[in-house]
Number of protein chains: 2
Amino acid sequence: MSTITDVARVAGVSVATVSRALRGLDRVSPATRRRVLEVAEELHYVASPTATSLASGRTRVVAVVAPFLSRWYFATLVSAIEKELRAHDHHAILFDLEDETFDSRLPLTQNMLWKRVDGVISLDVAMVPDEVELVDRLGLPLVAIGSPVPGRPFVGIDDRAAMRTAVEHLVALGHERIGYIGVVPQNVAHVRAPQDRLASFLATMDDRGLEVPDGWVLGSDWTADAAARDCADLLSGPDRPTALVAASDEMAIGVRETARRLGLDVPRDLSVVGIDDFMLSEVLGLTTVRQDVTAQGRAAAALLLQALGEDPPAAPAELVVPTELVVRESTAAPAAVAPTPL
Amino acid sequence: MSTITDVARVAGVSVATVSRALRGLDRVSPATRRRVLEVAEELHYVASPTATSLASGRTRVVAVVAPFLSRWYFATLVSAIEKELRAHDHHAILFDLEDETFDSRLPLTQNMLWKRVDGVISLDVAMVPDEVELVDRLGLPLVAIGSPVPGRPFVGIDDRAAMRTAVEHLVALGHERIGYIGVVPQNVAHVRAPQDRLASFLATMDDRGLEVPDGWVLGSDWTADAAARDCADLLSGPDRPTALVAASDEMAIGVRETARRLGLDVPRDLSVVGIDDFMLSEVLGLTTVRQDVTAQGRAAAALLLQALGEDPPAAPAELVVPTELVVRESTAAPAAVAPTPL
DNA sequence: CTGAAAGCGCTTACAG
DNA sequence: CTGAAAGCGCTTACAG
C-alpha cells in the first residue's frame with residue numbers, strides 16, 4: 001500500500017501539499033489539488049489513521065462503555081451510535097464492563113482511554129468520582145446516556161415520568177392492588193434506572209393514596225427468566241395484586257408468562273405493564289411505556305461529535321427524549337370492576 | 001500525561017531502555033527494570049497506543065463486522081468477542097453494515113481496515129470476492145463466524161444438522177404436516193444461515209417421504225413481528241400444518257403468538273420449534289435447537305489472536321460448535337395422533 | 001546490559 | 001500557493 005510520500009513523488013509535489021490537498025484545506029491551487037486527487041485515487045491511497053492520529057493528536061475514535069452489551073437496550077444504542085459516528089468519519093471502540101456477577105462492573109481505566117479515543121459515551125453507567133476525574137484529567141469530552149454525569153451532556157428519558165405513566169394507566173383502569181417488580185440490590189449502584197423507577201412507583205402510589213402491601217415490591221435482576229421466577233410466589237398466593245408493573249418489558253414478559261402458567265388470564269386476572277417497548281413487546285401484545293432507544297443513541301453520538309468540533313457548546317446539553325404510553329393487550333380493568341372483560 | 005521521555009529522564013536511562021523494560025524484553029538488568037517500573041508507576045505512564053502502533057505496525061485492534069448489530073445473535077457475539085480480546089490486551093472496533101433495507105448491506109472498504117486494525121472477525125457476513133481480496137491485499141487475518149469464507153478459520157454451527165434435528169423431533173412426535181418459515185429473498189445473499197436451514201428442511205422432509213404443500217414454506221425477514229404476520233394466512237386457513245418449524249427462535253415466538261391469537265393452542269393444535277435458544281426462549285417455553293453463541297464469539301476471538309501471535313497455525317481451523325435439542329412446551333404429538341394431550 | 005539514531009507516516013508552523 | 005523541517009511518541013536494529 002502506498003504512503004503519502006508515494007503520492008507526493010508521482011504527483012511531483014511535497015508531502016505537505018499532498019496533505020493539504022487531500023484534506024481540502026485552502027491555499028492549494030485547483031490544478032495541483034486536482035492532480036493530487038488523481039494520483040491518490042490511482043494509487044489507492046488511504047492515509048494511515050495511526051500516523052494521522054500521532055501527528056494530529058486526534059484519533060477519531062470514541063469509546064462506548066456499557067455495563068452489559070448483549071442486552072437489547074445496549075445493543076440498540078451501540079448500533080445507533082456506531083452508524084452516526086461512521087457517518088461523520090469516526091469509529092466506535094467497545095468496552096463491555098460486565099462482570100461475572102450482576103451486582104458489580106469493571107472500572108473504567110486510563111489504559112482504555114489514554115491516546116486511544118477522543119471522547120467517551122457512557123451507556124447507562126453511573127460513573128464513580130474516580131472515573132469522572134480520570135476522564136477529566138485526560139481531557140476527554142463525555143456524554144452520558146441513561147445515567148447522567150453531573151455537568152456533562154446527557155441524553156435519556158425521564159425514568160420517573162415513564163414509571164408514573166405506567167402506574168397511572170393502571171389506576172385509570174381502576175386498579176388499586178398494584179405490585180412492582182424490578183428492585184435491585186443496594187450495591188447495584190452502577191445503573192440508575194432501577195432506583196428512579198422504583199422511587200417513582202412508590203411516590204405515585206402514595207400520591208394516589210394507594211397502599212403497597214409488604215411483599216408486593218419484588219426484586220429481580222432485570223432479565224425475563226429471573227422475573228418469571230421472582231413473581232411466582234406472589235402470583236400463586238391467594239392475596240395477589242390485580243396488576244403488576246415491571247420496571248422493564250423483559251421482566252414484564254417473564255411475569256406474563258408465569259401468570260399464564262399459573263392459570264391466570266392476562267389481562268383478565270392480571271394486568272401487566274412494562275417500560276421500553278422492547279423488540280418483542282409489540283408481537284407479544286404488551287402494554288408499555290415506549291422509549292426511542294435508537295434516537296437516544298444517535299443524539300448522544302451527535303452531541304459528542306459536536307463537543308469534538310469547531311465550537312463546542314458552552315453549556316452541556318440535556319436531552320430528555322419523550323416517552324409514550326402504548327396500550328396493547330396486557331392491561332385491562334380489573335375483574336372486580338369490570339367482570340370478565342373478555 | 002507523561003511520555004516515555006519523561007520516564008527515561010527521571011529514571012536516568014534512555015528511552016530505548018524504558019521501552020524494553022516496560023515490555024518485559026530481556027537484556028535489561030533486574031535493577032534498572034525495577035527502577036523503570038517504579039518511575040512509570042509514579043508518573044502514571046501509559047504508552048500512547050497510537051505511537052506504539054505507528055512504530056510497531058500493530059494496532060492491537062480488530063474489526064468486528066456484522067450485517068446487523070442490535071439483534072440478539074450479533075450482540076451476544078460482540079459481547080463475547082470484546083471480552084476475549086480485552087483479556088488479551090486487544091480491542092474491538094465495530095462496523096455495522098446494516099443498510100436501510102433488509103436485503104442489502106454496506107460493503108467492507110479499505111477505509112475501514114487499512115492501518116486501523118490487525119485483523120477482522122466477520123459475524124455471519126457472506127463476503128463477496130472483492131471484499132475477500134481486499135482483506136488479503138491488506139494482509140489481514142480473517143476469521144468468520146456463521147458464514148464461512150473459503151480457506152479461512154471458521155467458527156459456527158452446522159446449520160443443516162440443526163435444522164434436521166428440529167424437523168426430526170417433530171417427525172418423531174408423529175407430525176407429518178409440517179410447514180416452514182424463514183425463506184429469504186433471493187437477493188439476500190449476504191447471510192448464509194437462511195439458505196442452509198431451508199435446504200436442510202426440504203431435504204429432511206424429502207428423506208422422510210413427507211410432502212411439503214405449496215404455500216407451506218413461508219418467507220420472512222427473520223424478526224418476530226414479521227413472522228407473526230407472515231404465518232397468519234397459513235394458520236387461519238382450514239388446511240393447516242400441525243407443526244411449523246421456524247428458522248430462528250425469534251420467528252418461532254412470532255408464530256406462537258399468532259397461533260394463540262387465532263385461538264390455536266400451542267402445542268395441542270400447533271407445535272412450534274425454532275433454532276437458537278434465544279434469550280427469551282426458555283421463559284416462553286419454546287422448544288428449540290440450542291447453539292452456544294457466546295462460545296462461538298470467544299472461540300473466534302481466540303482464533304484471531306492466535307493468527308496474530310508468534311506461530312500462527314498453518315491450516316485454518318474449522319470449529320463446528322455442537323447444537324442440542326431442547327424440548328420444552330411448544331411441541332407435542334399432533335392432536336390427531338394423540339387427541340387432547342393436555 | 002545499554003544508548004544513539006533512524007524510522008513509522010503523517011501534520012503543522014514557518015519561510016518564501 | 002508551496003516546500004523544508006520539526007515534531008508527534010514510540011520501536012528497533014546496530015554499536016558498544
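We name chains A, B, ... by the order of the sequence lines, and we start the count at 1 in each one.
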- [ ] Please state how far atom CG in Leu25(B) lies from atom P in dC14(D), giving the value in whole angstrom units.
- [x] 17 Å
Task: Options dG3(D), dT11(D), dC10(C), nucleotide nearest the side-chain atoms of Thr52(B) - done: dT11(D)
Task: Nucleotide nearest Ser29(A) when distance is taken to its side chain, options dT2(D), dA5(D), dA4(C) - done: dT2(D)
Task: Side-chain N,O (Ser48(A)) to OP1/OP2 (dC10(C)) below 4.0 Å - done: no
- [ ] Take atom CG of Leu22(A) and atom P of dT11(C), then tell me their distance rounded to the nearest Å.
- [x] 8 Å
Open item on the list: Strictly below 4.0 Å, N to O, side chains only: are Asp89(A) and Arg60(A) in salt-bridge contact?
Closed with: yes
Open item on the list: Once you apply a heavy-atom cut-off of 4.0 Å, does Ser53(B) come out as touching a base, just sugar-phosphate, or nothing?
Closed with: nothing
Task: For atom CZ of Arg9(A) and atom C1' of dG3(D), their distance in whole Å - done: 17 Å
Task: Whole-Å gap separating C1' (dC10(D)) and CZ (Arg116(A)) - done: 14 Å
TODO: Ignoring backbone atoms, test whether Thr32(B) places a side-chain nitrogen or oxygen under 4.0 Å from the OP1 or OP2 oxygen of dC1(C).
DONE: no
Task: Proximity to the side chain of Ala55(B) - top-ranked nucleotide from dT12(C), dG9(C), dC8(C) - done: dC8(C)
Open item on the list: Any side-chain to backbone donor/acceptor pair from Glu318(B) onto Pro153(B)? Under 3.5 Å, distance only.
Closed with: no
Open item on the list: Among dT12(D), dC8(D), dC10(C), which nucleotide has an atom closest to any side-chain atom of Leu54(A)?
Closed with: dC8(D)
Task: Base-pairing assignment for dG16(D) (Watson-Crick or G-U wobble, both under 3.5 Å) - done: dC1(C)
Task: d(CZ, Arg58(A); P, dC10(C)) in whole Å - done: 18 Å
Task: Distance test, side-chain N/O of Arg23(B) to OP1/OP2 of dT11(D), below 4.0 Å - done: yes
- [ ] Check whether any side-chain N or O of Ser56(B) sits under 3.5 Å from a backbone N or O of Thr52(B) as a donor-acceptor pair, and report yes or no.
- [x] yes
Open item on the list: Looking only at the side chains, is there a donor atom on one of Thr17(A) and Ser14(A) sitting less than 3.5 Å from an acceptor on the other?
Closed with: yes
Task: Most 5' of Pro30(B) and Ala51(B) on DNA chain C, judged by nearest nucleotide - done: Pro30(B)
- [ ] Could you tell me whether Thr50(A) contacts a base, only the sugar-phosphate backbone, or nothing, with contacts defined as non-hydrogen atoms closer than 4.0 Å?
- [x] nothing
Open item on the list: Assess, by modelled atom type and distance only, whether the side chains of Arg116(A) and His91(B) contain a donor and an acceptor separated by less than 3.5 Å.
Closed with: yes
Open item on the list: If the cut-off is 4.0 Å, is Ser14(B) near the phosphate of dG3(C), judged by side-chain N/O to OP1 or OP2?
Closed with: yes
Task: Closest-nucleotide 5' rank along DNA chain C - winner of Thr3(A) and Thr17(B) - done: Thr17(B)
TODO: State plainly whether the residues Arg105(A) and Asp99(A) are in salt-bridge range, i.e. N to O under 4.0 Å.
DONE: no
TODO: Among dA4(C), dT2(D), dC10(D), find the nucleotide with the atom closest to the side chain of Arg20(A).
DONE: dT2(D)
Task: Short side-chain N/O contact from Ser19(B) to OP1 or OP2 of dT11(D), under 4.0 Å - done: yes
Task: Most 5' of Val28(A) and Ile4(B) on DNA chain D, judged by nearest nucleotide - done: Val28(A)
- [ ] Give the nucleotide from the list dC14(D), dG3(D), dT11(D) with an atom nearest to the side chain of Ser56(B).
- [x] dT11(D)
- [ ] Could you check how far CH2 of Trp114(A) sits from P of dC10(D), rounded to whole Å?
- [x] 9 Å
